[in-house]
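Naming: A, B, ... by sequence-line order, numbering from 1 per chain.
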Amino acid sequence: MGSASPGLTALPHGRLAQPDATLPSPPTTPEQPLPAFCLHYFDMLYSEDIAWATKGMGEPSQSGAQEGRGEPQKEPEQCPIIDSQGLGLGAEGDLQASLHLEEHSLEQVQSMVVGEVLKDIETACKLLNIAADPVDWSPGNVQKWILWTEHQYRLPQIGKSFQELSGKDLCAMSEEQFCQRSPAGGDILHAHLDIWKSAAWMKEKAAPGDMRYCDASWVDSEVDSSCAGQPIHLWQFLKELLLKPHNYGRFIRWLNKEKGIFKIEDSAQVARLWGIRKNRPAMNYDKLSRSIRQYYKKGIIRKPDISQRLVYQFVHPV
DNA sequence: AAGTAGGAGGGTT
DNA sequence: AACCCTCCTACTT
């Protein structure tokens, strides 16, 4: 087990010295939450393969310790805009212009970062059926979020240290208190919570009167508009995962999207995600696959014509 | 050893 | 009643 790229997100970098950012930061958290924001995105970049974006953003090269693990770590072509930061700053006269350009590109990257983070949080909300704002979480929601975060970022299992805590309690805790409850990974969990708090704060601030963001999912502070509290079906859950190859492609992916054929690449992880979603800690692939097989009779999922292990097909692909 | 198939019983909604 | 969850045996890869 645990076959999938160990240590990818066992971040040794802790607090990164980020350049002071131009993004807003919640007034509730005096100690710059934005680094956490970026930190989180760096995680994603490294777990996905868009490492180029980290090049110009003050990332201190991860101390090279992560190199050569699993993936070949291809050296991608550098982003010309961002790369201007490190190169071509020799001439004094160009300095002003370069800085200007740099600022502009930084803004672009930052807005991209924010957009990606918001999207991922939105996905997680749907998947976990929890509110976007951590303050609104029940103790059960908190446990779900911690389980999911542990899973997503391969943190040590520390959820039990935070039992009986509501989202409000959690949000009131400092990083030190997190570490007190969980010396291993408490700081990272706190950083992730900061990201969620920041996102919730930004959202609240973004749409006081007029709401442009009806399309995504959250219109007001109330999130679950479509399927609030509704029991999600397994096939829906699988489709949601498949819609996010960026996040879940390592676990489940399309083999032929048009025909609805997909493959479960990591049965244990998919089962675990499903278990988190349904509050079934004992969920495993044996049980999950039994539920999939129930779909045969109902005509929702079937085995493809050429049957392969861990490969299924939606009968009515959309 | 892990995945596939489907019966059976129970729980939650 | 629908939709799993759990446990099970038998069979295949």
Side-chain angles (χ1 to χ4, degrees), chain A residues 1-6 8 70 123-132 136-152 154 157 159-160 163-164 166-167 217 222-245 247-318:
Chain A
M1 303 193 187
S3 56
S5 56
L8 233 187
T123 306
C125 285
K126 276 195 212 158
L127 244 42
L128 300 174
N129 199 26
I130 61 176
D136 298 332
W137 292 345
S138 68
N141 293 155
V142 169
Q143 284 300 307
K144 261 189 182 180
W145 175 77
I146 293 178
L147 264 175
W148 178 84
T149 305
E150 286 169 0
H151 174 269
Q152 195 74 353
R154 317 224 166 91
Q157 296 183 14
K160 288 180 182 58
Q163 260 163 353
E164 305 294 318
S166 71
S217 91
E222 291 308 306
V223 193
D224 308 319
S225 52
S226 53
C227 49
Q230 294 290 356
I232 192 175
H233 290 185
L234 175 56
W235 64 268
Q236 292 175 313
F237 182 79
L238 295 175
K239 277 203 169 167
E240 295 235 17
L241 294 182
L242 285 161
L243 281 175
K244 295 282 177 177
N247 297 337
Y248 305 105
R250 288 182 299 260
F251 309 148
I252 182 172
R253 66 183 178 90
W254 293 114
L255 291 187
N256 185 330
K257 191 170 181 178
E258 288 68 40
K259 292 185 179 173
I261 300 174
F262 63 96
K263 173 162 188 177
I264 295 172
E265 298 283 0
D266 192 327
S267 57
Q269 302 279 33
V270 172
R272 204 172 148 212
L273 282 172
W274 178 234
I276 293 173
R277 179 62 174 82
K278 290 294 292 289
N279 286 323
R280 291 287 159 176
M283 181 52 61
N284 57 28
Y285 182 68
D286 183 40
K287 297 169 193 170
L288 185 149
S289 64
R290 183 68 191 91
S291 292
I292 291 180
R293 270 176 256 129
Q294 302 278 29
Y295 287 143
Y296 295 171
K297 200 166 48 180
K298 298 178 188 172
I300 297 171
I301 290 177
R302 66 182 182 91
K303 271 295 195 182
D305 297 326
I306 304 143
S307 183
Q308 300 173 74
R309 284 192 148 204
L310 297 169
V311 176
Y312 298 91
Q313 178 172 15
F314 286 103
V315 175
H316 303 295
V318 185

Using a cut-off of 4.0 Å on non-hydrogen atoms, how would the nucleic acid contact of [X] be classed: base, sugar-phosphate, or nothing?
X	result
A:Lys278	sugar-phosphate
A:Gln308	sugar-phosphate
A:Ser289	nothing

According to side chain to side chain contact (heavy atoms under 4.5 Å, CB included), who are the partners of [X], at least two apart in sequence or on a separate chain?
X	answer
A:Lys298	A:Tyr295, A:Ile300
A:Val315	A:Arg302
A:Pro304	A:Ile261, A:Val311, A:Gln313

Measure [atom1]/[X] against [atom2]/[N] and give the value in whole Å, please.
X	N	atom1	atom2	result
A:Lys303	B:dG3	NZ	P	11 Å
A:Gln236	C:dC3	CD	P	10 Å
A:Lys297	C:dC3	NZ	C1'	12 Å
A:Ile301	B:dT4	CD1	C1'	15 Å
A:Phe237	C:dC3	CZ	P	18 Å

Filtered N/O pairs between nucleotides 11-13 of chain B and protein, under 3.5 Å:
none

Just N and O in the side chain of [X]: are any of them under 4.0 Å from OP1 or OP2 of [N]?
X	N	value
A:Trp235	C:dC3	no
A:Lys298	C:dC3	yes
A:Tyr296	B:dT4	no
A:Tyr295	C:dC4	yes
A:Ser291	C:dC5	yes

Among the nucleotides B:dT4, C:dC5, C:dC3, which one has an atom lying closest to any side-chain atom of A:His233?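 Shortest atom-to-atom distance from the side chain points to C:dC3.
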Which pairs with one or both residues in residues 306-318 of chain A pass salt bridge (charged side-chain N to carboxylate O under 4.0 Å, His left out), sequence neighbours excluded? none
Qualifying residues under side-chain hydrogen bond (donor to acceptor under 3.5 Å, both in side chains), relative to A:Glu265, sequence neighbours excluded: A:Arg253
Residues two or more places apart in sequence or in another chain: which of them pass ring pair (Phe, Tyr, Trp, His ring centres under 6.0 Å) with A:Trp274? A:Phe237
First locate atom CD1 of A:Ile292, then atom CD of A:Gln294, and finally report the distance between them rounded to the nearest 0.5 Å.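 With rounding to 0.5 Å, CD1 (A:Ile292) is 11.0 Å from CD (A:Gln294).
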Taking the nucleotide of DNA chain B with the nearest heavy atom to each, does A:Gln294 or A:Tyr285 sit closer to the 5' end?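 Final value for this comparison: A:Tyr285.
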Every protein N/O lying under 3.5 Å from an N/O of nucleotides 7-13 of chain C:
residue : atom : partner  : partner atom : Å
C:dT13  : O2   : A:Arg309 : NH2          : 2.8

Check the angle between the aromatic planes of A:His233 and A:Trp235 and answer parallel, tilted or perpendicular using the 30° and 60° thresholds. perpendicular
What pairs of residues pass the side chain to side chain donor-acceptor pair (under 3.5 Å) test when at least one of them lies in residues 280-292 of chain A, not counting sequence neighbours?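 Qualifying pairs, neighbours excluded: A:Tyr285-A:Tyr312, A:Ser289-A:Arg293.
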Output, in order, the C-alpha distance, side-chain angles, deciding distance and verdict of side-chain contact (heavy atoms from CB on, under 4.5 Å) for A:Phe314 and A:Lys257. CA-CA 10 Å; A:Phe314 286 103; A:Lys257 191 170 181 178; over 6 Å; no
